[in-house]
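Residue numbers begin at 1 in each chain, while the letters A, B, ... track the order of the sequences.
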Amino acid sequence: MKEMLRGKIELALRELLDAVDDSDILPEFAIEVPRQKEHGDFSCNAAMLLAKRLRKKPREIAEDLTTRLGNAGGLIDSLEIAGPGFLNIKLADSRWHDLLHDVIRAGSQYGWSASQPARDGAKPKVQVEFVSANPTGPLSTGHGRQAILGDCIARLLEATGWDVTREYYFNDGGRQMRVLGESVKARYLEGLGLASPPSKAALANSEKNWEEEIDGLPVVFPKDGYQGDYIKAIADELRESAGGALVEEPGEGRFREEAQRVIFEDISKTLVRIGIDFDVYFNERSLYDEGKLDEAITDLREAGLIYDSEGAVWFKATARGLDRDRVVIKGTGEPTYLMPDIAYHRDKFRRGFDLVIDVQGADHIEQFPFVREATAALGVPADQIELVLHQFVTITSGGEKVKQSTRKATFVTIDELVDDVGRDVFRFFMIERKPDGHLDFDLDLAKDKNWRKNPAYYVQYAHARTFGIERKAQKLGISMPEANAFDATRLALEEEIALVRKLTTFPDVVRRAAESREPHHVAYYLREVAGLWNPYLQDGDRHRVLSDDASLSAARLGLALAIRGVLASGLELLGLDAPESM
RNA sequence: GCGCCGGUAGCUCAGCUGGAUAGAGCAUCAGGCUUCGAACCUGAGGGUCGCAGGUUCGACUCCUGCCCGGCGCACCA
């Protein structure tokens with residue numbers, strides 16, 4: 001609809017410019033749905049944009065445009081010039097009619113369009129990398145936000161014509177995992193009575209007051225170790241299955257492997273619970289095994305971006321405009337995390353992705369420019385790597401922030417939250433805010449089962465009600481109308497027109513959410529639709545969907561079908577159920 | 001100190017590549033309500049868009065400076 005209108009306006013503009021021998025490109029004018037309904041169905045700012053160029057008053061240009069546009073082949077009912085030179089357009093009634101029918105036909109995929117051009121007949125390939133947590137413990141709320149954000153971005157990209165791969169990157173070779181293994185080993189020895197746990201005071205006070213021995217037993221728990229109860233649980237299981245056979249085990253490797261296995265299983269279950277399915281789990285280790293790390297270093301060295309200093313190997317980031325250089329191989333011979341990251345991103349492009357999106361927490365901001373510059377130096381176009389950064393999550397309960405600490409393992413896990421509120425509410429709350437901003441998870445509101453208050457239920461209920469009405473209609477012997485078998489002009493009430501207008505903006509919302517990587521627009525939009533539909537149904541005195549007036553009933557049932565399609569489509573994009581009853 | 005992100009109604013937050021009178025939910029207040037699924041509905045109050053300049057026909061939106069908050073600035077991931 002909007003595109004057709006745009007086409008007509010572009011044509012008129014071209015004519016107008018040709019008339020003064022101006023063959024430059026057309027200005028990027030906007031067509032939008034005005035806030036005030038008095039301003040018509042659409043408004044256009046083209047005349048104002050041309051004022052300077054044509055050295056004429058905007059209103060005069062608008063006059064000219066109006067005559068050239070005419071009724072635009074039956075598209076337009078009336079045109080008005082308003083304010084500084086806005087062109088306010090009222091569409092012909094028949095157009096609304098067509099539009100509703102289009103919505104119903106598209107159903108739960110309304111608004112999904114290939115806004116991304118296909119390449120050689122195939123969809124462009126995009127990889128979305130998210131979560132990527134190392135298996136050191138259960139997923140926390142922060143991971144939860146990232147999981148839902150990444151998944152929704154992936155869904156939006158799929159809906160707009162991309163071939164999407166969801167990827168999870170992890171490493172099990174670093175210090176983190178070593179400390180994890182040591183933590184489990186310590187708990188294991190403690191369980192056998194061969195070691196003492198550190199005092200509570202020592203644990204609470206970070207590195208201070210760490211005793212070497214308590215009650216005649218050595219304290220082996222690492223100072224920055226993982227304190228969560230899940231560590232003990234893993235140690236207990238090992239003790240049950242292997243008894244004391246692992247006491248002589250050198251190092252922490254055996255314990256680390258077991259911990260990793262158990263924790264990863266746990267993470268996978270959590271991800272399944274919240275409706276997330278990765279296509280690829282990428283292990284850092286394969287980069288070493290396949291020589292990709294060495295290759296990246298060699299190539300960077302050839303590019304003159306690697307040098308040796310103070311016993312370490314450095315990436316010369318300053319040569320590419322960054323403010324300092326970074327170590328990529330430590331004095332110990334171990335690579336820092338940066339080096340595999342570089343090799344990893346290069347590898348992504350070798351796998352043929354046209355675009356790579358990294359979803360990361362705000363604490364990773366420092367890292368990204370180095371990866372981007374290094375991979376750019378290796379020939380990866382910088383604009384094909386994108387970073388979506390999200391801020392942290394806080395939880396509010398009873399009007400107070402819930403205190404969380406990663407080190408002490410007192411953070412709230414995804415599982416705990418989902419136990420409380422369920423998958424759909426969890427997802428909705430996690431996606432409701434724009435990624436840039438902090439997210440305050442209102443636990444009390446999330447737990448509230450009242451559909452009117454809890455926004456997730458509010459939207460789902462609006463969808464379910466379309467089926468409620470259908471069930472009612474069936475009882476009355478009224479069948480649902482075919483997409484093109486009702487008279488949409490019967491929808492003449494203010495609130496009905498508001499609903500239809502709202503439905504028409506959905507494709508714009510989807511495109512914008514996809515292109516900006518901001519799924520929260522969809523969540524807001526759904527609330528707005530539900531916010532029109534729920535009160536409409538509530539106010540049965542003014543209008544009832546099912547009445548003695550057959551053609552009016554049919555039109556309103558048609559409206560219900562269109563709303564059902566839009567809500568189902570939006571809910572799907574957010575990964576929520578679209579229930580038929582609640 | 002430097003970098004990134006926020007600062008919009010009492011609270012939590014939307015606000016499109018700059019557009020016409022800045023919106024929603026919760027909370028508050030007033031009046032309704034025996035329902036196509038009423039723990040609901042209708043309406044009202046509530047704003048120096050952090051502050052100060054600048055660009056523009058037009059600024060919550062763009063630019064500069066400052067203030068407040070979060071995060072980051074490792075041979076940790």
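Figure legend. rG72(B) is base-paired to rC2(B); pairs are counted as Watson-Crick or G-U wobble with both atom distances under 3.5 Å. Searching all strands for a Watson-Crick or G-U wobble partner of rA14(B) with both distances below 3.5 Å returns nothing. Across all strands shown, rA44(B) forms a Watson-Crick or G-U wobble pair with rU28(B), both key distances being under 3.5 Å. Within the shown strands, rG19(B) is the pairing partner of rC57(B) under the Watson-Crick or G-U definition, both distances less than 3.5 Å. For rC49(B), there is no paired nucleotide, since no Watson-Crick or G-U wobble pair has both relevant distances below 3.5 Å.
In this model, no side-chain donor or acceptor of Tyr524(A) finds a partner on the base of rA14(B) within 3.5 Å. A donor and an acceptor atom never sit less than 3.5 Å apart when one is taken from the side chain of Asn45(A) and the other from the base of rA20(B).
Using a 4.0 Å heavy-atom criterion, one finds that Gly331(A) contacts the bases of the nucleic acid, with or without backbone contacts as well. At a threshold of 4.0 angstrom between heavy atoms, the contacts of Ser43(A) include nucleobase atoms, whether or not backbone atoms are also involved. Glu310(A) comes within 4.0 angstrom of a nucleotide base, judged by non-hydrogen atoms across all strands. Within 4.0 Å of Tyr461(A), counting heavy atoms only, lies at least one base atom of the nucleic acid. Across all strands, Met177(A) comes closer than 4.0 Å to no nucleic acid atom at all (heavy-atom distances). Nucleic acid contact class of Ala312(A) (heavy atoms, under 4.0 Å, all strands): base. If you check every strand for non-hydrogen atoms under 4.0 Å, Ala473(A) touches nothing. Nucleic acid contact for Arg471(A): base, since at least one base atom lies under 4.0 Å from a heavy atom of the residue.
In this structure, the nucleotide among rC76(B), rG19(B), rC75(B) sitting nearest to the side chain of Arg175(A) is rC76(B). Of the listed nucleotides (rG15(B), rC36(B), rA77(B)), rG15(B) has the atom at the smallest distance from the side chain of Arg512(A). Distances from the side chain of Asn450(A) to the nucleotides rC40(B), rU12(B), rC76(B) place rC40(B) closest. Picking from rC26(B), rC76(B), rG72(B) the nucleotide with the shortest atom distance to the side chain of Lys330(A) gives rC76(B).
Partner of Glu373(A) under the salt bridge (charged side-chain N to carboxylate O under 4.0 Å, His left out) criterion, chosen from Arg320(A), Arg326(A), Lys316(A): Arg320(A). Between Asp358(A) and the choices Lys348(A), His364(A), Gln367(A), the side-chain hydrogen bond (donor to acceptor under 3.5 Å, both in side chains) rule is met once, by Lys348(A).
As rounded to whole Å, 14 Å separates atom P of rA77(B) from atom CG of Leu287(A).
Stacking between His39(A) and rA20(B) is shown: the ring centroid lies under 5.5 Å from the centre of the six-membered base ring, and the planes differ by under 30°.
Both the sub-6.0 Å distance and the 45° axial angle are satisfied by Arg564(A) relative to the ring of Phe467(A).
Mapped onto RNA chain B by nearest heavy atom, Phe29(A) and Asp448(A) fall at different nucleotides, with Phe29(A) at the one closer to the 5' end.
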